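I have placed the structure first, in the form of structure tokens, so that the comments after it can refer back to it.
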There are 2 protein chains.
Amino acid sequence: MISFDHSLPMILHRALDKVLPDYRELFAHFDLTEQQWRVLRVLWSEKKVTSAQLAERTLLPSPSLVGIIDRLERRDLVTRLRSLEDRRVVYVIATAKGRDLEAEVVPRVAEIDANVRAAVTAQEWKALETTLDKIAKHISEPKLDEASDG
Amino acid sequence: MISFDHSLPMILHRALDKVLPDYRELFAHFDLTEQQWRVLRVLWSEKKVTSAQLAERTLLPSPSLVGIIDRLERRDLVTRLRSLEDRRVVYVIATAKGRDLEAEVVPRVAEIDANVRAAVTAQEWKALETTLDKIAKHISEPKLDEASDG
DNA sequence: TATTATTTGTTTACATGTTAATTAATATAG
DNA sequence: CTATATTAATTAACATGTAAACAAATAATA
């Protein structure tokens, strides 16, 4: 039996708890939360994105996104634009002020990313991603090896 | 430069998002949140734990723990007990009702854990834990290789 | 011993996560 | 064309996360 402390959720949480403070400390200099950073990060590379696409790219749940975008919009960092073809759709776009942040934030985040990755070899890093992908794909598939246990 | 989608926070979040629903679906049968489960899981094996110890073992921030324990206490699943030696300390203990849940929940969680782990080989799993530990230890250590760049 | 510092748990204020329901717009079936 | 289903975003209700401040108790120091 797998011990509680070594279950996948716990080891992932533990790693996140260690890593996130470094990022948060940086984001705080710009009055950004980690989630707000994620939204901006996507808008810097994609220009015009629907709420649904933003949820997928940022891994943020859409109900959370509403408030996050509200607060970014209030600070004039992003804008909402209702689609003309399909009026259910809302596009989110970085403003000039929002775009200006990219040059300031991205290089410093890259430093943190690099420091994190420097902890392990390239092979270990690749294996990490592969293993996590493998687990993700395995989940929510039928458990064939237990099929007879119905 | 490391792409946004392949940064450590994102790949960990992505894996968690895939895995947690399976656990949550189970916990919902017992009207438990994932966090409440974590607290109970610790109390089942440790009997008498202070709030601080509980925060460390569950990876839950202590301000969150206050509410989580409140709600468990309201349902008579746990009890708070003020220490007599040091009256700042609060012990948290599972009630009989709380202890009864163990036999029902733990085996079914073990099944999910096993299914997750079955996604990869034993070596891959070990490498996963090792790599994450390595990263965790590397973080918040002085970055020696950049020392001259001040 | 009176003062100051530290520790433990809690509170506060605000941001986000989770689930279900809702609204407005569009698509589809009859 | 009309009733119905579906979709995109939002709202609602509640639980949790984050950072800072706080009260009470204990420890450390002058």
Side-chain angles (χ1 to χ4, degrees), chain A residues 9 13-14 16-40 48-56 58-75 77-92, chain B residues 9 13-14 16-17 19-40 49-56 58-75 77-92:
Chain A
H13 272 301
R14 199 151 24 236
L16 273 172
D17 286 355
K18 269 291 184 181
V19 168
L20 286 183
D22 278 14
Y23 291 94
R24 289 211 190 94
E25 185 190 340
L26 167 59
F27 299 147
H29 293 324
F30 302 94
D31 267 300
L32 292 176
T33 64
E34 194 229 339
Q35 290 84 349
Q36 291 169 351
W37 139 261
R38 286 197 234 166
V39 168
L40 288 174
K48 190 179 161 194
V49 184
T50 72
S51 265
Q53 295 170 327
L54 208 44
E56 196 186 336
T58 60
L59 306 181
L60 295 170
S62 40
S64 301
L65 260 182
V66 174
I68 293 167
I69 295 172
D70 282 349
R71 284 177 282 275
L72 288 173
E73 201 170 24
R74 222 173 283 145
R75 290 169 57 191
L77 296 174
V78 310
T79 305
R80 268 185 253 242
L81 187 63
R82 177 88 37 192
S83 164
L84 296 179
E85 307 91 48
D86 184 340
R87 293 179 44 190
R88 290 169 300 187
V89 172
V90 169
Y91 290 109
V92 184
Chain B
H13 272 302
R14 201 154 19 236
L16 273 173
D17 286 355
V19 169
L20 286 183
D22 278 14
Y23 291 93
R24 290 211 188 96
E25 186 191 339
L26 167 58
F27 299 146
H29 293 324
F30 302 94
D31 266 300
L32 292 175
T33 64
E34 194 228 339
Q35 289 84 347
Q36 292 170 349
W37 138 262
R38 287 197 234 167
V39 167
L40 289 173
V49 184
T50 70
S51 264
Q53 295 170 326
L54 207 45
E56 197 188 337
T58 59
L59 306 180
L60 294 170
S62 41
S64 301
L65 261 181
V66 175
I68 294 167
I69 295 173
D70 282 349
R71 283 176 284 274
L72 288 173
E73 201 171 26
R74 222 172 284 145
R75 290 169 57 189
L77 295 174
V78 310
T79 306
R80 268 185 253 243
L81 187 64
R82 176 82 46 186
S83 164
L84 296 178
E85 309 91 47
D86 185 340
R87 292 177 47 192
R88 290 169 300 186
V89 171
V90 169
Y91 291 109
V92 184

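Lettering of chains follows the sequences in order, A, B, ..., and the numbering in each one begins at 1. Keep in mind that what you see is a predicted model, and the values were worked out from it rather than measured.
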Inset, instruction - Begin from the C-alpha positions of B:D22 and B:L26 and carry the test side chain to side chain contact (heavy atoms under 4.5 Å, CB included) through to its verdict. - result: CA-CA 7 Å; B:D22 278 14; B:L26 167 58; over 6 Å; no
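- Sequence neighbours left out, the pairs with a member in residues 28-37 of chain A that pass side chain to side chain donor-acceptor pair (under 3.5 Å) are A:E34-A:R38.
- In this structure, A:L65 and A:V92 have side chains that are not in contact, with every pair of non-hydrogen atoms separated by 4.5 Å or more.
- Counting heavy atoms from C-beta on, the side chains of B:L77 and B:L32 come closer than 4.5 Å.
- Inter-residue side-chain proximity for B:L54 and B:I69 is flagged as met; some heavy-atom pair is nearer than 4.5 Å.
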Protein N or O to nucleotides 16-23 of chain D N or O, pairs below 3.5 Å:
unit_1	atom_1	unit_2	atom_2	d
D:dT16	OP1	B:T33	OG1	2.6
D:dT16	OP2	B:R71	NE	2.7
D:dT16	OP2	B:R71	NH2	2.4
D:dT16	O3'	B:Q35	NE2	2.9
D:dG17	OP2	B:S64	OG	2.8
D:dT18	OP1	A:R24	NH2	2.4

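- Using a 4.0 Å heavy-atom criterion, one finds that A:R80 contacts the sugar-phosphate atoms exclusively.
- Nearest heavy-atom pair across A:P9 and B:V19 is CG-CG1, 4.4 Å.
- Environment of CZ in A:R87: sparse, with no more than 12 heavy atoms of neighbouring residues, nucleotides or ligands closer than 6.0 Å.
- Closest approach of A:P21 and A:K18 over heavy atoms only: CD-O, 3.6 Å.
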Write down the protein N/O and nucleotide N/O pairs, taken from nucleotides 24-27 of chain D, whose separation is under 3.5 Å; answer none if there are no such pairs.
unit_1	atom_1	unit_2	atom_2	d
D:dT26	OP1	B:R87	N	3.1

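- Here chain B contacts DNA chain C (any atom closer than 4.0 Å to a heavy atom, that is under 4.0 Å), and the contacts span C:dT7 to C:dT19 from 5' to 3'.
- Among the heavy atoms of the strands lying under 4.0 Å from A:V66 is at least one base atom, whether or not backbone atoms are also near.
- Partners of B:P61 by side-chain contact (heavy atoms from CB on, under 4.5 Å), not counting sequence neighbours, listed by chain and number: B:P63, B:S64.
- In this view, A:D70 and A:R80 satisfy the salt bridge (Lys or Arg N to Asp or Glu O under 4.0 Å) rule, not counting sequence neighbours.
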